[in-house]
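So the structure is just underneath, and the comments pick up after that.
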Amino acid sequence: MNKVKTMNPRNDSIYPISVVMNMTNLSARQIRYYETHGLIKPARSKGNQRLYTPADVENLLLIKSLLDKGLNLDGIKAIMNGPKPVETATTTAASPTAPLFNPQRPGVPKLTSLYPVNNQEALNDLLKHKHK
DNA sequence: CTTCTTACA
DNA sequence: TGTAAGAA
(Lines give C-alpha, C1' and ligand atoms only; values in the text may rest on other atoms or scores of the structure.)
Protein backbone atom coordinates (compact mmCIF):
# COMPACT_ATOMS: atom_id res chain seq x y z
CA MET A 1 0.00 0.00 0.00
CA ASN A 2 2.80 2.28 0.60
CA LYS A 3 4.43 3.71 -2.39
CA VAL A 4 8.08 4.06 -1.61
CA LYS A 5 9.17 6.80 -3.85
CA THR A 6 12.84 6.83 -4.80
CA MET A 7 14.17 5.71 -1.50
CA ASN A 8 17.85 5.58 -2.20
CA PRO A 9 20.28 4.66 0.55
CA ARG A 10 21.75 8.13 0.29
CA ASN A 11 18.70 10.28 0.20
CA ASP A 12 19.52 13.57 1.80
CA SER A 13 16.74 16.03 1.32
CA ILE A 14 18.14 18.46 -1.13
CA TYR A 15 16.54 21.04 -3.31
CA PRO A 16 17.52 22.84 -6.45
CA ILE A 17 17.73 26.58 -6.37
CA SER A 18 14.19 26.95 -7.71
CA VAL A 19 12.73 25.22 -4.68
CA VAL A 20 14.85 27.28 -2.35
CA MET A 21 13.62 30.38 -4.08
CA ASN A 22 10.03 29.46 -3.36
CA MET A 23 10.80 28.47 0.20
CA THR A 24 12.78 31.55 1.09
CA ASN A 25 11.20 34.06 -1.23
CA LEU A 26 14.66 35.13 -2.27
CA SER A 27 15.91 35.61 -5.80
CA ALA A 28 18.45 33.24 -7.28
CA ARG A 29 20.76 36.19 -7.49
CA GLN A 30 20.54 36.78 -3.77
CA ILE A 31 20.92 33.14 -2.85
CA ARG A 32 24.05 32.82 -4.97
CA TYR A 33 25.28 36.13 -3.69
CA TYR A 34 25.06 35.02 -0.08
CA GLU A 35 26.93 31.91 -1.00
CA THR A 36 29.83 33.86 -2.43
CA HIS A 37 29.96 35.67 0.85
CA GLY A 38 30.31 32.42 2.74
CA LEU A 39 26.96 32.53 4.49
CA ILE A 40 25.92 29.21 3.02
CA LYS A 41 27.78 26.35 1.40
CA PRO A 42 25.51 24.25 -0.74
CA ALA A 43 27.01 21.15 -2.30
CA ARG A 44 27.32 20.76 -6.03
CA SER A 45 26.00 18.08 -8.26
CA LYS A 46 27.91 16.49 -11.05
CA GLY A 47 26.89 19.20 -13.42
CA ASN A 48 27.99 21.90 -11.04
CA GLN A 49 24.45 22.30 -9.93
CA ARG A 50 23.82 23.68 -6.46
CA LEU A 51 22.31 21.23 -3.99
CA TYR A 52 20.64 22.87 -1.02
CA THR A 53 19.95 21.03 2.21
CA PRO A 54 17.16 21.94 4.64
CA ALA A 55 19.87 23.43 6.82
CA ASP A 56 20.84 25.72 3.99
CA VAL A 57 17.24 26.82 3.67
CA GLU A 58 17.09 27.51 7.38
CA ASN A 59 20.22 29.59 7.11
CA LEU A 60 18.77 31.49 4.21
CA LEU A 61 15.67 32.19 6.25
CA LEU A 62 17.80 33.37 9.12
CA ILE A 63 19.83 35.56 6.81
CA LYS A 64 16.66 37.03 5.47
CA SER A 65 15.31 37.96 8.88
CA LEU A 66 18.66 39.28 10.03
CA LEU A 67 18.96 41.28 6.85
CA ASP A 68 15.52 42.65 7.50
CA LYS A 69 16.66 43.69 10.95
CA GLY A 70 19.21 45.96 9.40
CA LEU A 71 22.35 43.84 9.53
CA ASN A 72 24.77 43.56 6.66
CA LEU A 73 26.17 40.34 5.26
CA ASP A 74 29.34 40.70 7.26
CA GLY A 75 27.46 41.05 10.51
CA ILE A 76 25.34 38.05 9.72
CA LYS A 77 28.44 36.12 8.88
CA ALA A 78 29.86 36.90 12.28
CA ILE A 79 26.72 35.69 13.98
CA MET A 80 26.44 32.48 12.03
CA ASN A 81 29.91 31.07 12.57
CA GLY A 82 30.06 32.10 16.19
CA PRO A 83 27.60 30.76 18.76
CA LYS A 84 27.94 33.99 20.69
CA PRO A 85 24.50 35.41 21.46
CA VAL A 86 25.93 38.82 22.25
CA GLU A 87 25.30 38.51 25.93
CA THR A 88 27.31 40.39 28.49
CA ALA A 89 26.25 37.84 31.01
CA THR A 90 27.49 38.94 34.41
CA THR A 91 26.84 35.47 35.67
CA THR A 92 28.04 35.72 39.22
CA ALA A 93 27.11 32.14 39.62
CA ALA A 94 28.40 30.84 42.92
CA SER A 95 29.23 27.42 41.61
CA PRO A 96 26.11 25.58 40.63
CA THR A 97 27.10 22.64 42.74
CA ALA A 98 24.01 20.56 42.45
CA PRO A 99 23.14 19.12 45.85
CA LEU A 100 22.84 15.55 44.80
CA PHE A 101 20.94 13.27 47.06
CA ASN A 102 22.33 9.90 47.95
CA PRO A 103 19.86 7.24 47.01
CA GLN A 104 20.39 5.37 50.25
CA ARG A 105 18.11 2.42 50.76
CA PRO A 106 16.36 1.85 54.09
CA GLY A 107 18.44 -0.69 55.93
CA VAL A 108 21.88 0.51 55.07
CA PRO A 109 23.92 0.63 58.25
CA LYS A 110 26.64 2.73 56.73
CA LEU A 111 24.96 6.04 57.20
CA THR A 112 27.33 8.73 58.32
CA SER A 113 25.71 11.85 56.97
CA LEU A 114 22.96 12.38 54.50
CA TYR A 115 23.52 16.07 54.22
CA PRO A 116 25.02 17.75 51.23
CA VAL A 117 28.72 18.34 51.51
CA ASN A 118 27.87 21.96 51.13
CA ASN A 119 26.35 22.12 54.59
CA GLN A 120 28.93 19.95 56.23
CA GLU A 121 30.52 22.93 57.90
CA ALA A 122 27.25 24.24 59.21
CA LEU A 123 26.35 20.77 60.30
CA ASN A 124 29.58 20.37 62.21
CA ASP A 125 29.02 23.66 63.88
CA LEU A 126 25.54 22.68 64.91
CA LEU A 127 26.68 19.32 66.20
CA LYS A 128 29.41 20.97 68.16
CA HIS A 129 26.99 23.22 69.89
CA LYS A 130 24.65 20.38 70.58
CA HIS A 131 27.33 18.15 71.84
CA LYS A 132 28.49 20.72 74.23
C1' DC B 1 13.67 23.26 -19.73
C1' DT B 2 16.54 24.56 -15.49
C1' DT B 3 20.75 26.15 -13.71
C1' DC B 4 25.53 28.25 -13.99
C1' DT B 5 28.81 31.94 -14.89
C1' DT B 6 30.12 36.36 -16.28
C1' DA B 7 29.22 40.93 -16.99
C1' DC B 8 26.77 45.28 -17.49
C1' DA B 9 23.41 48.57 -15.86
C1' DT C 1 19.71 43.61 -7.37
C1' DG C 2 17.92 42.64 -11.95
C1' DT C 3 18.80 40.89 -16.29
C1' DA C 4 21.15 39.17 -20.75
C1' DA C 5 24.04 35.90 -23.19
C1' DG C 6 26.07 31.50 -23.96
C1' DA C 7 27.29 27.02 -22.15
C1' DA C 8 26.18 22.77 -19.65
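Only a predicted model underlies this, so the values are computations on that prediction, with no experimental measurement involved. Letters A, B, ... mirror the listed sequences (proteins, then strands); counts begin at 1.
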Among B:dT3, C:dG2, C:dT1, find the nucleotide with the atom closest to the side chain of A:R32. B:dT3

Residues A:D56, A:V20; criterion side-chain contact (heavy atoms from CB on, under 4.5 Å); working and verdict: CA-CA 9 Å; A:D56 289 323; A:V20 179; over 6 Å; no

So do the side chains of A:L51 and A:R44 get within less than 4.5 Å of each other, counting heavy atoms only? no

Of the listed nucleotides (C:dT1, B:dT2, B:dC4), which one gets closest to any side-chain atom of A:Y33? C:dT1

In whole angstrom, give the distance that lies between atom CD1 of A:I17 and atom P of C:dA8. 20 Å

To the nearest angstrom, the NZ-C1' distance between A:K46 and B:dT3 comes to 17 Å

What's A:Y52 touching, base or sugar-phosphate or nothing? Going by heavy atoms closer than 4.0 Å. nothing

Any salt bridge between A:E35 and A:R29, counting N to O under 4.0 Å? no

Respond yes when some side-chain nitrogen or oxygen of A:Q49 is under 4.0 Å from OP1 or OP2 of B:dT3, and no when none is. no

Atom CZ of A:R29 to atom C1' of B:dT3: distance rounded to whole Å? 15 Å

Whole Å only: how far is the CD1 atom of A:I31 from the P atom of B:dT2? 16 Å

Given the rule that I, L, V, M, F, W and Y join up when any side-chain heavy atoms are under 4.5 Å apart, are A:I14 and A:I31 in one cluster? no

From CG of A:L73 across to P of C:dT1 the rounded distance in Å is 7 Å

Spacing between A:M21 atom CE and B:dT3 atom P, to the nearest angstrom: 8 Å

Within this structure, what is the CG-to-P distance between A:N25 and C:dT1, rounded to whole angstrom? 14 Å

